[in-house]
Amino acid sequence: MPFPNNFVWGAASSAYQIEGAFDADGKGRSIWDDFCELPGAIRDGQDGRVACDAYHRFSEDVRLLKEMNLSAYRFSVSWPRILPAGTGSVNEKGLAYYDSLVDLLLENGITPYMTLYHWDLPSALQKKGGWLNRAVCEAFAEYASVIAKHFDGKVRHYITLNEPQCALSLGYELGTHAPGLKLPVEDQLQCMHNMMLAHGLAVKALRKESSCPVKVGIASTGTLYYPVTDTPENRQTAYEASFSLKPDGWFFSHCWCLDAVVLGHYPEASPDFLRKFSNGVPESDWNIICQPLDFVGANIYHGTPIDVHGNVVLLPKSLPRTATDWPITPEILRYGPRWLYERYGLPVIITENGISCKDTMHSDGQVHDADRVEFLRRYLKELEKTVDEGTAVEGYFHWSLTDNFEWEYGYTQRFGLVYIDYPTQRRIPKDSSVWYGRAAESNGKHLHQ
Ligand code: NOJ
């Protein structure tokens, strides 16, 4: 079965990674503005003050989406651009920027998928404890209300949080992302729980303040396993491994987040400290966290093979890897969405998938990124298989539309379908953007040509 007719072909980005204009038009500071100023925090001392200057060049980016025949654009709103102090007075100029972007997308027949939180917490809220302070949940709900009221009738697809797993583990456990903290596990758990509460309150606010129906989900990430043999037994071990939490690295799994928001509890099979924490959560919190959702968003880049006995299988040394050294394992786009659909029963949207390559401009002025084309072809064919097998997948968003600021790696990693020549900010569509455009236009038929 080919992709369904209404399959969503999109590309994704996030505010801090592309917008720049870090202090323009009344924007408040975010924890990423602060973190980038810490010596040694970011490769080569880089930051997102200018990034791709999308704040001023978004119309070029919309044109690129249109040229690629894409039907949707996932982008995030910078919370401190809208509420410079995190709560309270609203910055109309910040809203005006997103109005222009949303209007232009709609004029071009491109559906906006708006992410509310892609890691750039207002610094003013960090000063009050950030995600460790439960008050941030109410602040997030206030922000969600402002957005829902303002974009009512225009934006109908929302993602509350992007990858709470990474926001927590990198920001609050390992300290390699903003706000750069290394908190004890009890505090990490509190931050986790507050994010879940914030999600629930935001879902309620989005639905309450929208006069027309909106579709709401979350973008989750984590390790997913795939079977080395496609047998029922091996599929079972891969499924179980994907949803079991080990004391080490437990943060990087889908289930603590998705079990919470979809099933209304933290996973039963969890390390002692999480079980203990979970036992203390009052029912009233679960009534907030567990709200009806329309889809599960999944950011999936690579997976881990596992055999029928539940043993992880070592990947061959010759297996191709991305510039970030992530293994290229297309099979995960077949099995990952399937496990998520089986467990949560909601349509899945691939909210991110992509590859960082050592892209350079060739002497003909073009960027010939054959590795990204190959990646796309192989991953999308696997996604097509899972659709064929009955997994409800509503869409695929490639990460990313353009090269951008890749967090602690600065500008050393290029994930875009479109190359950014940073000194001039010139946008150069890579070969992959042409290929992906054809895939979108043909609703997947181009994968087989
Ligand atoms: C996950 C994050 O959501 C995004 O911000 C990041 O750039 C990509 N993955 C690639 O690492």
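Fair warning: this is a prediction, and the values are worked out from it, not measured in the lab. Position 1 is the first residue of the sequence, and the numbers go up from there. When a ligand or atom number is given, it counts from 1 through the structure's own listing order.
- Ion pairing between D371 and K430 fails under the 4.0 Å rule for side-chain N and carboxylate O.
- Here the side chains of L65 and L105 are in contact, with some heavy-atom distance below 4.5 Å.
- In Q413, neither the side chain nor the backbone holds a heavy atom less than 4.0 Å from any atom of ligand 1.
- At under 3.5 Å, not a single nitrogen or oxygen of S14, backbone or side chain, sits near a nitrogen or oxygen of ligand 1.
- Counting the atoms of ligand 1 from 1 in the order shown, those under 4.0 Å from a heavy atom of F415 are 10 (C), 11 (O).
- Using a 4.0 Å cut-off between heavy atoms, W326 contacts ligand 1 through its side chain alone, with no backbone atom that close.
- Nearest protein heavy-atom neighbour of atom 3 (O) of ligand 1: E352 OE2, 2.7 Å.
- Salt-bridge formation is detected for the pair E342/R338: a Lys NZ or Arg NE/NH1/NH2 atom is positioned less than 4.0 Å from an Asp or Glu carboxylate oxygen.
- In this structure, H118 counts as a contact residue of ligand 1, since one of its heavy atoms falls inside 4.0 Å of the ligand.
- Ionic pairing of R372 and D359 is present here: one or more N-O contacts between side-chain nitrogen and carboxylate oxygen are shorter than 4.0 angstrom.
- Considering backbone and side-chain N/O atoms, Q17 comes within less than 3.5 Å of an N/O atom of ligand 1.
- Residue, atom and distance of the protein heavy atom nearest to atom 11 (O) of ligand 1 are E406 OE2, 2.6 Å.
- Ligand 1 has no atom lying under 4.0 Å from any heavy atom of Y16.
- A salt bridge does not link E384 with K381: none of the charged nitrogens is closer than 4.0 Å to a carboxylate oxygen.
- With a heavy-atom cut-off of 4.0 Å, T324 does not touch ligand 1 at all.
- D120 has no carboxylate O lying under 4.0 Å from a charged side-chain N of K27, or vice versa, which leaves the two without a salt bridge.
- A ring pair (Phe, Tyr, Trp, His ring centres under 6.0 Å) with Y113 holds for exactly one of F397, Y158, F75; it is F397.
- Between W119 and ligand 1, no N or O atom pair is found at a separation short of 3.5 Å.
- The residues E331 and R334 are annotated as not salt-bridged, no charged nitrogen and carboxylate oxygen being separated by less than 4.0 angstrom.
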